[in-house]
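Below is one structure, written out as structure tokens; comments come after it.
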Amino acid sequence: MADRIYRVNMSDLTVRVEDVREQWSGLGTRGRPATIVAAEVEPTCHPLGPRNKLVFAPGLLSGTVTANSGRLSVGAKSPLTGTIKESNAGGPASQLLARLGLKALIIEGQPEKESLYSLHVTADGVAIAEEPDLAGKGNFAVVNVMLERYGEKTGVISIGPAGEMKMAIANISVKDPEGKVRSAGRGGLGAVMGAKGVKCITISVPREAAVPIAEPEKFKAAVKIFAKALLEHPVSGQGLPTYGTAVLINVINEAGGLPTRNFRSGQFEQHDAISGETMHDLIEERGGKIRHGCHAGCVIQCSQVFNDAGGKYKTSGFEYESIWAMGADCCVDNLDQIAEADSLMDDIGVDTIETSVTMGVAMEGGLLPFGDGAGIIRILDQDVRTGTPLGRLIGGGAAVVGKAYGVTRVPVVKNQAIPAYDPRAVKGIGITYCTSTMGADHTAG
């Protein structure tokens, strides 16, 4: 299919199909949304107002057989940092958009009335429909409703109740191949999607749709070389598939760079209890999956399926950042509690880094004692999910909570929580935090 852009205006509920501008066509996943936002969004606009734009873009190689090419990039002016933000996630959505020939899906404007809508993206354009029955539903329920409506092969991008309430910690979720969700976290882009009145985006692609390859044989040869390099590397071929990204817990702790107790130190005494090695053993013991891909074509498969003590599914995509943030930073040494919180955050639609670091700041302020995993779970489910005054406060992020509780140790840059690499020990990434337009972002350096 010919390359194009779909532009959805939520103010008048119209859709335009546009040719791809020459200066946008050769940009990669992160570059395209950032360039479009820089070109079209007024720097002084309110992030939750009609002049902000939300841009979804697949990677240059998405939709092809290239290993690990299924990342979806999302960009907008961030309600958390006030700057351009890019976030990305796995899942089939990027590959499906690419097979439709879409270089970007741009959502602009804002509905006049308080209502929620779905966008159904196909080769023919975008169908916009009101969805009052989806109000307040978590991501898991939204995915189930959309798969029943359009079929199991449908791509689904959604927000949970946090996005509807426009919380600055809200993320955007993407269905993975097994119907679970992956998160485009950081920066509060779920709040931007909520401000646009969009609850979910679904993508349906004809079976025959494919990304055209100019020289198929040469492309296949290059793809094989790339996949072989990933599989033979000790980190991407052995460490990550075996222990997941949480293999970093013990490594970073040993280096003194694992932020602990609201960044008071760089080592967590109970680090082994939440390590990738311990998680691996629990997954094996409980009949989960040690290796799991977030999208078709992922050869690293650093994701996993984590079951509870009774062998029942609890969460997947149980990542280093999420485990560190609620674990070491909040001093919770119970993987089951962290997994429960991870599942709740996925359903509510909040960034696991921002939310958990916010909890660490709240603990510093006396809301809960450090190590109170049960208390964090209760606040997530009873307050953040329903938007009580406390839930709204937590939903404002770490910087807001720090001001509310008079905490002076608030680990943020440009109001965004610092992730799982302490800049006092890992000085190079400290420079990234300071200089990135996206605030404290470990993917920017």
> Got a second to check how far Thr278's OG1 is from Gln270's CD, nearest 0.5 Å?
Replying inline: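 Rounded to the nearest 0.5 Å, the OG1-CD separation comes to 12.0 Å.
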>> Once rounded to the nearest 0.5 Å, what's the spacing between atom CZ of Arg32 and atom NZ of Lys103?
In response: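 Between Arg32 CZ and Lys103 NZ, I get 5.0 Å after rounding to 0.5 Å.
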Using a distance-only test with no angle check, is there a side-chain donor-acceptor pair under 3.5 angstrom linking [X] and [Y]?
X	Y	result
Thr245	Glu319	yes
Thr154	Arg149	no
Thr358	Thr355	no
His271	Asn250	yes
Ser343	Thr315	no

Using a 4.5 Å cut-off on heavy atoms from C-beta on, say whether the side chain of [Y] contacts that of [X].
X	Y	value
Met167	Glu354	no
Pro411	Asn262	yes
Leu54	Ile106	no

Check for a donor-acceptor pair, side chain of [X] on one end and backbone N or O of [Y] on the other, with a separation under 3.5 Å.
X	Y	result
Thr64	Thr66	yes
Gln110	Ala195	yes
Asn88	Leu72	no
Lys314	Ala309	no
Ser78	Thr81	yes
Gln416	Met438	yes
Asp329	Gly360	no
Asn171	Val350	yes

Could you report the tightest heavy-atom contact between [X] and [Y], atom names first, then the distance?
X	Y	answer
Val332	Ile338	O-CD1, 3.7 Å
Leu147	Val156	CD2-CG2, 4.2 Å
Pro79	Gly187	CD-O, 3.2 Å
Trp324	Ile353	CZ3-CG2, 4.3 Å

> When you look at Ile377 and Leu344, which way does the side chain to side chain contact (heavy atoms under 4.5 Å, CB included) test go after all the steps?
Replying inline: CA-CA 8 Å; Ile377 290 167; Leu344 282 170; 3.7 Å; yes
>> Tell me if the aromatic rings of Tyr320 and Tyr421 count as close, with their centers under 6.0 Å from one another.
In response: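 That pair passes the under 6.0 Å test.
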> Is a salt bridge present between Asp347 and Lys137, judged by a nitrogen-to-oxygen distance below 4.0 Å?
Replying inline: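 Result for this pair is no, no salt bridge flagged.
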